Amino acid sequence: MEFQQIMETAGKAVDAAGVVAIVLGAAVSTGLAAADWLRGQRNTVYETYRRRLGRSILLGLELLVAADIIRTVAVTPTFQSVGVLAIIVLIRTFLSFSLELEITGRWPWQKRSPEDLDRSEGQTASPRKS
């Protein structure tokens with residue numbers, strides 16, 4: 001097996017992992033949301049479902065970007081392919097930032113507050129003691 005063929009195979013494998021992450025994440029998120037709904041946790045189902053689904057989409061996007069980088073840089077490093085890669089990465093980065101902002105309510109580079117950490121772990125924020 002030569003180098004280009006190995007990199008093409010690796011790119012396809014990472015591509016497949018990205019698609020699996022999105023599809024599996026959507027299925028698991030939907031199943032967990034249905035379970036929460038049936039348990040009577042109807043007031044938090046929507047927000048929790050969106051957060052879980054958004055996380056799986058973000059993971060899938062990250063993997064898809066990695067696959068594009070592997071295939072473009074390692075297999076066909078032409079100016080045209082690198083330009084197309086740059087556009088794809090810009091679009092996916094914009095989508096990732098938009099999803100992150102929508103899921104957490106803050107930009108990826110902003111620090112998390114203790115209340116955010118509690119919420120992301122599925123706990124309710126406890127009042128601070130002075």
Side-chain angles (χ1 to χ4, degrees):
M1 232 180 186
E2 66 182 61
F3 179 74
Q4 278 190 319
Q5 191 175 11
I6 293 170
M7 290 299 107
E8 186 66 35
T9 303
K12 286 180 182 177
V14 177
D15 247 345
V19 171
V20 167
I22 293 171
V23 171
L24 191 60
V28 169
S29 297
T30 302
L32 291 172
D36 288 346
W37 179 270
L38 293 174
R39 280 195 300 259
Q41 298 173 345
R42 292 184 174 103
N43 57 343
T44 60
V45 168
Y46 177 71
E47 289 298 321
T48 306
Y49 178 59
R50 281 188 57 193
R51 193 175 320 120
R52 288 174 180 154
L53 185 60
R55 286 178 181 163
S56 66
I57 293 171
L58 280 173
L59 176 61
L61 282 173
E62 295 291 336
L63 289 167
L64 291 170
V65 167
D68 288 337
I69 291 170
I70 290 169
R71 278 197 312 279
T72 301
V73 174
V75 178
T76 55
T78 65
F79 280 116
Q80 184 177 1
S81 65
V82 171
V84 170
L85 174 65
I87 292 169
I88 290 170
V89 168
L90 282 173
I91 291 169
R92 290 188 177 161
T93 300
F94 173 75
L95 287 173
S96 294
F97 277 12
S98 298
L99 282 169
E100 181 74 25
L101 180 62
E102 200 157 315
I103 291 168
T104 63
R106 61 176 202 292
W107 294 106
W109 55 83
Q110 290 177 320
K111 290 185 179 180
R112 298 176 96 178
S113 68
E115 291 80 17
D116 289 339
L117 291 172
D118 288 341
R119 211 173 324 137
S120 70
E121 295 170 0
Q123 302 170 358
T124 57
S126 58
R128 294 182 186 242
K129 295 180 182 176
S130 332

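For clarity, every value in this text was computed on a predicted model and none was experimentally measured. Reckoned from all heavy atoms, side chains included, excluding hydrogens, waters and symmetry mates.
- Note: Leu85 CG to Leu90 CG = 9.5 Å, rounded to the nearest 0.5 Å.
- With values rounded to the nearest 0.5 angstrom, Arg71 atom CZ is found 13.5 Å from Gln4 atom CD.
- Annotation for Glu62 and Ser96: closest pair OE2-OG, 3.9 Å, computed over non-hydrogen atoms.
- Closest non-hydrogen pair, Ile22 versus Ile57, comes out as CG1-CA, 4.1 Å.
- Hydrophobic clustering (side-chain heavy atoms under 4.5 Å, transitive across Ile, Leu, Val, Met, Phe, Trp, Tyr) groups Leu61 together with Ile87.
- In the hydrophobic cluster analysis, where Ile, Leu, Val, Met, Phe, Trp and Tyr join through side-chain heavy atoms closer than 4.5 angstrom, Ile6 is grouped together with Phe3.
- At a threshold of 4.0 Å, the pair Lys12-Asp15 does not count as salt-bridged, since none of the basic side-chain nitrogens sits closer than that to a carboxylate oxygen.
- Closest approach of Asp36 and Arg52 over heavy atoms only: OD2-NH1, 3.4 Å.
- Of all heavy-atom pairs between Ala26 and Ser56, the closest is N-OG, 3.9 Å.
- Of all the heavy atoms in Thr44 and Thr48, the pair that sits closest is O-OG1, 2.8 Å.
- Linking Ile, Leu, Val, Met, Phe, Trp and Tyr whenever their side-chain heavy atoms come within less than 4.5 Å puts Leu58 and Leu95 in one cluster.
- Across all non-hydrogen atoms, the minimal contact from Ser29 to Tyr49 is O-CD1, 3.3 Å.
- Put simply, Ile88 and Ile70 are part of two different groups of oily side chains (I, L, V, M, F, W, Y) that touch within less than 4.5 Å, one to the next.
- In this structure, CG on Leu53 lies 11.5 Å from CG on Leu32, to the nearest 0.5 angstrom.
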